[in-house]
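Structure record follows, encoded as structure tokens.
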Number of protein chains: 2
Amino acid sequence: MRRRATVHDVARAAGVSLATVDRVLNGRPGVRAATAEKVEAAIAQLGFSRDLNASLMARARDLSVVFFIPDGSNEFMDSLAQAVERRSASALADRMHLDMRRVRALDAEALAEGLDGLDPRQCDCAVVVSSDEPKVISAIEAAHRRGIVVMTLVSDLPGSARQRFIGIDNVAAGRTAASLLGRFLPGGGKVAVVAGSLHLRDHAERLEGFEAALGAEFPAISIIGPVEGHDERTETAAIVARLLARHADLAGIYNLGAGNAGLVEALEASGRAGALRVIAHELTASTRAGLRSGAIDVVLDQNPDGEIREAIAAARALALQAGRAAAADAIEIGIFLRDNLR
Amino acid sequence: MRRRATVHDVARAAGVSLATVDRVLNGRPGVRAATAEKVEAAIAQLGFSRDLNASLMARARDLSVVFFIPDGSNEFMDSLAQAVERRSASALADRMHLDMRRVRALDAEALAEGLDGLDPRQCDCAVVVSSDEPKVISAIEAAHRRGIVVMTLVSDLPGSARQRFIGIDNVAAGRTAASLLGRFLPGGGKVAVVAGSLHLRDHAERLEGFEAALGAEFPAISIIGPVEGHDERTETAAIVARLLARHADLAGIYNLGAGNAGLVEALEASGRAGALRVIAHELTASTRAGLRSGAIDVVLDQNPDGEIREAIAAARALALQAGRAAAADAIEIGIFLRDNLR
DNA sequence: ATGTGAATGAGGTACGTGCCTCATGACCTT
DNA sequence: AAGGTCATGAGGCACGTACCTCATTCACAT
């Protein structure tokens, strides 16, 4: 059980002074390429890794992470924001400063502006929740070039310069919903699918997984829809009411988007709540109420607290080794029934 | 956004020297009660909290946590042990040293001996997985008096001096199994319950939740058992085989203990795998295989990685403020189908 | 040969805490 | 009054890193 290597060890091994190691580690100028290589080699050989805590203490500035969370869209985003608030104090104890900015949902312009306004001297890492917009992609690229680590949350932007994505596997979530509904309805039947908007990557992926799994494993179940409710309470309520009215034999509903308050309203108004198997996404006030009343059977959840926890851990890991990939816990899909509500 | 308070601030506010603050903070002798109170008051007023990282750095010794994990019992314990190994490296980066000791399962004597052997100068925190045994309870009491923080993992010992329990709500897990099986079998039917040993608190709690929820919500389902398989592969296989032979109309099985390899064997040997709805506990090689083949429908999991993560976080929090309770994330019950296997 | 600029070394201070030594003063015992 | 004990202050060194200044070395161009 040996001591961890320190900058002193690296300096000794590379045959250079502490100052040179420091220049290499922090990307400061004034080091010949050959010398830098010697230092890199020593670092690799010793398995040196900067002590993040000592580092943050020495520079007397906290690691700063800025979260851009959509505003005014849905309850899930609010619970993400709350999760950030909840972690702020304990993060501060680890020398991390969490900054949260709410930006108008789906307003690519505003988000890009926010990213552009980040000063790398005051912000080490940005976490964004965004749909796939060219303006955002290029703002991420620019931030990355300025030396800011960017991560995507909830919905990924695979083509961008983001270093990491934090969120669930939405295709698996869709498959899971199918697998549960299939088992809930051993006799088969009609199941309606309600989405927010299929232009949203996460919604599209859930649908993909759902249709694939249902088709492969439960051919006795037929799908009605998808119908888009735009994550909106009244619109979703209207859609569900119409579905219930048109299909007296509807056996199940999978709402892969938001707007769950509307879903529950329509179910209860129809008098058929509890008679259909219903699966929805994200634990919020509405879906909790639905689980308790029996209107919703299962809620698939992204676990906002876990996502924020991982985002913070990833920010630390990336601050440590800007380039390399760091191991990370995957975010698991939470499955909630009335019986295991937290 | 103000700076965090430091020992210097506390000393100034209390009108004493740094040395005195240090004596109070670290419980060293040589401080009059009246002076100590002044310091405590200043700490409370400033909301001072020791900077754990600087502290660990200064004393040039890592926070050391010893895990006592049962050996030779079942795959779940192995995956707990693996989770400890997996976290070791990253914990070291945060100045925590994880030490793992496997002790013979259900050997209270050995576990108590291990606890008694812990030297508070070399071990700050012990994490134990244990059934309810007087010898263990008193060893925990003794360790606590020596200044070692003790936490229980997986199975709690409510009467002991343990500072915290880390694990799932097993009653809720049992209810969840019932709720799923109830929905899987809308027509009702016979469901068999297999346990390891009802002397184990976690097994008893799962059974309690299962019976309560099934009785209240799904009266059309009748329970056969519980039968005890002692978490043993061959014994569990024999029991399941007998159940299947005796009840041609068996509609489901809930195995709330271990021994899942035997469960899957018996199911496949009977040719009825896939025809019954089966719920088991803990993601292991056996249950994964069962999920993939379709012999098992759902696995309820404790998430060993999450438990170890929380144990580490709790150890840090408790090192910081020995007395006070620190907020902590609850461990959620993982629910896995073939479709969301990680 | 001399100047120029870049590369590097040497060494300091700081961050917040733990732990050590030594000096001082107060109060008590004999 | 002398000696002892105890509470406290003052200060230093250490941990691992960041960042600063200043001096020195070396290569290259003039």
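Lettering of chains follows the sequences in order, A, B, ..., and the numbering in each one begins at 1.
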What integer distance in Å separates [X]:[atom1] from [N]:[atom2]?
X: A:L25; N: C:dT8; atom1: CG; atom2: P; result: 15 Å
X: B:L18; N: D:dG9; atom1: CG; atom2: P; result: 10 Å
X: B:R12; N: C:dG16; atom1: CZ; atom2: P; result: 11 Å
X: A:D62; N: D:dT17; atom1: CG; atom2: P; result: 18 Å
X: A:H8; N: D:dA14; atom1: NE2; atom2: P; result: 11 Å
X: A:L320; N: D:dG16; atom1: CG; atom2: P; result: 15 Å
X: B:D22; N: C:dG16; atom1: CG; atom2: P; result: 16 Å
X: A:D51; N: C:dG16; atom1: CG; atom2: C1'; result: 13 Å

Check this one for me: any side-chain N or O of [X] less than 4.0 Å away from OP1 or OP2 of [N]?
X: A:S55; N: D:dG16; answer: no
X: A:S17; N: C:dG9; answer: yes
X: A:R32; N: C:dT8; answer: yes

Where the side chain of [X] is defined as all heavy atoms beyond and including C-beta, which of [options] is the nearest nucleotide?
X: B:A54; options: C:dG16, C:dG9, C:dC19; answer: C:dG16
X: A:N26; options: C:dT8, D:dC19, D:dG16; answer: D:dC19
X: A:A58; options: D:dA18, D:dA14, C:dC19; answer: D:dA18
X: A:R28; options: D:dA18, D:dT17, D:dG9; answer: D:dA18

Problem - Given B:V127, B:V84, B:I308, the one that forms side-chain contact (heavy atoms from CB on, under 4.5 Å) with B:V65 - result: B:V127
Provide a list of protein-nucleic acid N or O atom pairs under 3.5 angstrom, restricted to nucleotides 21-29 of chain C.
none

Exercise for the section: Examine the side chains of A:N26 and A:R59 and answer whether a donor and an acceptor come within less than 3.5 Å of each other. Expected result: no
Practice task
Please examine the side chains of A:D124 and A:V149, heavy atoms only from C-beta on, and report whether any two atoms are closer than 4.5 Å.
Solution key: no
Completion exercise
Sorted by position of nearest nucleotide on DNA chain D, 5' first, the leading residue of A:R59 and B:T35 is B:T35
Exercise for the section: Locate the shortest heavy-atom distance separating A:A83 from A:D305; write the atom from each residue and the value. Expected result: CB-OD1, 3.7 Å
Exercise for the section: Identify the two heavy atoms, one from A:N53 and one from B:D94, that lie closest to each other, and give their separation to 0.1 Å. Expected result: ND2-OD1, 3.6 Å
Practice task
Carefully, step by step, assess B:Q122 and B:S64 under the rule side chain to side chain contact (heavy atoms under 4.5 Å, CB included).
Solution key: CA-CA 7 Å; B:Q122 290 171 50; B:S64 133; 5.8 Å; no
Handout entry: Side-chain (B:S155) to main-chain (B:S131) donor-acceptor, under 3.5 angstrom
Key = no
